[in-house]
Protein chains: 2
Amino acid sequence: MPKRVDHAQRRAHIADALVRVAARDGLHAVTMRAVAAEAGMSLNLVQYYFDTKAQLMHAALQHLEQQSHERWSARLESLEDPGSARACLEAFVDEALPVDADSHTFRLVWTSYAVLAMTDAELAEQPFVEGPNRLERQLTHILATAQAAGEIAAYLDVSAEAARLLSLSHGVGTSVLVGQRSAAQARYVMLYHLSRLFNDPTPPEAPGQHLAAAS
Amino acid sequence: MPKRVDHAQRRAHIADALVRVAARDGLHAVTMRAVAAEAGMSLNLVQYYFDTKAQLMHAALQHLEQQSHERWSARLESLEDPGSARACLEAFVDEALPVDADSHTFRLVWTSYAVLAMTDAELAEQPFVEGPNRLERQLTHILATAQAAGEIAAYLDVSAEAARLLSLSHGVGTSVLVGQRSAAQARYVMLYHLSRLFNDPTPPEAPGQHLAAAS
DNA sequence: GCTTTTATAGTACAGCGGTACTATGAAAAC
DNA sequence: GTTTTCATAGTACCGCTGTACTATAAAAGC
């Protein structure tokens, strides 16, 4: 037989190709043939590593989720002061918003899958319920610690605050993806949100224009 | 010829059928034949009223947008005190969240189209940029009035607040659509947001459980 | 009353997508 | 050295989808 190859690596390569196709042309344009072409291999090879398209789609989603988790962990660990809630949350903002091309790709494809999951029950469970829940608990923990330290007001509902952070970042990220807002404008909205959370007297410096695209 | 029919009404009927199919099976499951079956007519009749599938898709989107606009206007006009910013914003919350079946359908299909628009430039412009911008300006106006009346703090950035409201409602609505949160939990998050905006001392009464689905 | 228009149905066709089947050379196994 | 296994390619098939073409009965028009 030819060189024995690393199946996991091949699968990752194919999953990456799928993500690129989905980011460029939309998840509906993801076909076995398109993925094969993007990955630079024959159609049958894709079939060789993923028996069925459903398996491929599922694997790419898991691939995305794992990448996202790793990026978030890495960013958290690269913080100078991991104890600072403000720093953590600003890191969260930078991680959650489609600021660079990679992040844009990730958010777009992730959202596409989320829409699929809305009408496909079996696709949804793990990634779109348990994943966000885990993140939300993590944020809640950060906020509770900050609250105990007096960094945020005692009367705040930390779990509601976590839900707000997560949902707001998702919503404002989507507005970037559809072209309603620039990434800078989205970032401003998130930083403004943090300034309200921490009860800052002065809001962050504003971006150039309005918060929405020109009318 | 047979009874002359109202073309606009027929088109609306077909567009409604498309929306039902999209809400039930996903936008990717929308085919000419599926829409025809859902509308109770032959495939060719759908083609008769919409030359091409792209036209049908576009028309259904416009149909959705107009319905949404009408519902929002109607809700605003049915307010007892249209001058109360708080009442307006609570109406916005109830309108924007997928609380009933109709609203659920609308949000789901709308979000599906939004994802399409992320990779299809010509689909996007009008509905997903100009529409939200208009709403955001409307919210900004409401907030500015409330600010002038002293109902919300003077140091708030009303246009950032409008962006937060819109984005948060979208994000939290999406979390309902993917099954992460119940509509009641989403409503609580939004009402909590309003309580923070108006600087309420007491938060709204909490829903039964956690803010996220059980782990 | 004849002709034209209109709303409707049926059917056909070409393309694409997922999947299955067969082939093949090369490395591993023994 | 022979046999088996593995990574790869090519190709064929069936179903579905958008679209086009033809047919037809019934109401308008005049």
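Only this structure's heavy atoms are used, side chains among them; waters, hydrogens and symmetry mates stay out. Just so it is clear: chains get the letters A, B, ... in the order the sequence lines come, proteins before strands, and each one is counted from 1.
- For Ala162(B) against Leu143(B), the heavy-atom pair with the smallest separation is N-CD1, 3.5 Å.
- Using a 4.0 Å cut-off, some side-chain N or O of Tyr49(B) falls inside it from OP1 or OP2 of dT8(C).
- A heavy-atom distance below 4.0 Å to DNA chain C is reached by these residues of residues 6-27 of chain B, ordered by number: His7(B), Arg10(B).
- Between Leu56(A) atom CG and dG18(C) atom P there is a gap of 9 Å when expressed in whole angstrom units.
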For nucleotides 19-23 of chain C, which of its nitrogen or oxygen atoms have a protein nitrogen or oxygen under 3.5 Å away, and what is each distance?
from	atom 1	to	atom 2	distance (Å)
dT19(C)	OP1	Thr52(A)	OG1	2.9
dT19(C)	OP2	Thr52(A)	OG1	3.4
dT19(C)	OP2	Lys53(A)	N	2.9
dA20(C)	N7	Gln47(A)	NE2	3.4
dC21(C)	N4	Asn44(A)	ND2	2.9

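- For residues 33-49 of chain B, the salt bridge (Lys or Arg N to Asp or Glu O under 4.0 Å) pairs, not counting sequence neighbours, are Arg20(B)-Glu38(B), Arg24(B)-Glu38(B).
- Residues satisfying the salt bridge (Lys or Arg N to Asp or Glu O under 4.0 Å) criterion with Asp102(B), sequence neighbours excluded, are absent altogether.
- With Phe92(B) as the fixed residue, the side chain to side chain contact (heavy atoms under 4.5 Å, CB included) test singles out one of Leu135(B), Leu76(B), Leu194(B), Leu97(B): Leu135(B).
- Look at Tyr48(A) and you won't find any side-chain N or O under 4.0 angstrom from OP1 or OP2 of dA9(D).
- Computed from coordinates, the Leu45(A) CG to dA9(D) P distance equals 5 Å when rounded to whole Å.
- In this structure, CZ on Arg164(B) lies 9.5 Å from CE on Met190(A), to the nearest 0.5 angstrom.
- Salt bridge status for Glu130(A) with Arg134(A): absent, with no side-chain N to carboxylate O gap under 4.0 Å.
- Qualifying salt bridge (Lys or Arg N to Asp or Glu O under 4.0 Å) partners for Arg107(B), counting only residues two or more places apart in sequence or in other chains: none.
- Regarding Met57(B), its CE atom lies at a distance of 13 Å from the P atom of dT17(D), rounded to whole Å.
- Each of dA7(C), dA7(D), dT17(D) was ranked by its minimum atom distance to the side chain of Thr31(B); first place goes to dT17(D).
- Taking the ring pair (Phe, Tyr, Trp, His ring centres under 6.0 Å) definition, one finds that Tyr49(A) meets it with His7(A), sequence neighbours left out.
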